[in-house]
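Each remark here refers to the structure printed beneath this line.
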Amino acid sequence: MAEFKHLVLAKFKDDVVVEDILKGLEKLVSEIESVKSFVWGQDSESEEMLRQGFTHAFMMTFSSKEEFSAFVGHPNHVEFSATFSTAIEKALLLDFPAVTVKAPAAPADPK
């Protein structure tokens with residue numbers, strides 16, 4: 001079964017303390033077992049024309065679509081979503097089964 005990804009691109013409202021939202025997201029994913037991994041970043045290289053106003057990307061990985069569904073319905077996610085929704089000017093969400101073309105290299109054996 002393929003991993004399932006949840007990708008969010010966001011542009012926060014001007015008056016939002018983004019660091020507070022980021023701390024909330026990190027707390028959220030640490031509390032919910034179904035989140036396999038979570039990565040985020042702030043755009044620093046794209047030209048404005050290509051960025052279309054989005055400034056942050058967030059990606060969560062789940063073992064399956066069912067694990068993602070459990071996350072979406074989790075009370076902590078439902079509560080945080082209300083906070084997140086009021087903080088963003090616009091967002092783009094994509095939820096998809098992942099197709100791995102090249103897996104990350106395994107770490108070198110320290111022996």
Let me confirm one number: the [atom1]-[atom2] distance from [X] to [Y], rounded to the nearest 0.5 Å.
| X | Y | atom1 | atom2 | answer |
| --- | --- | --- | --- | --- |
| Ser69 | Phe4 | OG | CZ | 7.0 Å |
| Phe38 | Glu26 | CZ | CD | 6.5 Å |
| His74 | Ser34 | NE2 | OG | 7.5 Å |
| Phe84 | Ile21 | CZ | CD1 | 7.5 Å |

Does [X] belong to the same Ile/Leu/Val/Met/Phe/Trp/Tyr cluster as [Y], with side-chain heavy atoms less than 4.5 Å apart forming each link?
| X | Y | result |
| --- | --- | --- |
| Trp40 | Val16 | yes |
| Leu94 | Phe54 | yes |
| Val35 | Leu22 | yes |

Problem set entry | Phe62-Phe68 aromatic ring centre distance below 6.0 Å | yes
Are side-chain heavy atoms of [X] and [Y] found at a separation under 4.5 Å?
| X | Y | answer |
| --- | --- | --- |
| Leu7 | Phe58 | no |
| Met60 | Phe71 | yes |
| Phe80 | Leu25 | yes |
| Thr55 | Asp43 | no |

Kindly give the heavy-atom pair with the smallest separation between [X] and [Y], and that separation in Å.
| X | Y | value |
| --- | --- | --- |
| Lys36 | Ser63 | CD-OG, 3.9 Å |
| Ala57 | Leu9 | CB-CD2, 3.7 Å |
| Leu93 | Val8 | CG-CG2, 3.9 Å |
| Val78 | Gly73 | CG2-O, 4.1 Å |
| Val72 | His77 | O-ND1, 3.1 Å |
| Ile88 | Ala91 | CD1-CB, 3.5 Å |

Exercise. Got more than 12 heavy atoms from elsewhere within 6.0 Å of NZ, Lys23?
Worked result: no
Exercise. If you count the non-hydrogen atoms of other residues, nucleotides and ligands that lie under 6.0 Å from CD in Glu31, is the total more than 12?
Worked result: yes
Problem set entry | Parallel, tilted or perpendicular: ring planes of His56 versus Phe12, cut at 30 and 60 degrees | perpendicular
Exercise. When you measure from the side chain of Ser30 to the backbone N and O of Lys27, does any donor-acceptor pair fall under 3.5 Å?
Worked result: yes
Exercise. Between Lys65 and Pro97, is there a donor-acceptor pair closer than 3.5 Å when you use the side chain of the first and the backbone of the second?
Worked result: no
For this session: Give a yes or no on whether a salt bridge exists between Lys11 and Glu89, defined as a side-chain N under 4.0 angstrom from a carboxylate O.
Result: yes
Problem set entry | Residue pair Thr61 / Lys5, side-chain donor-acceptor N/O under 3.5 Å | yes
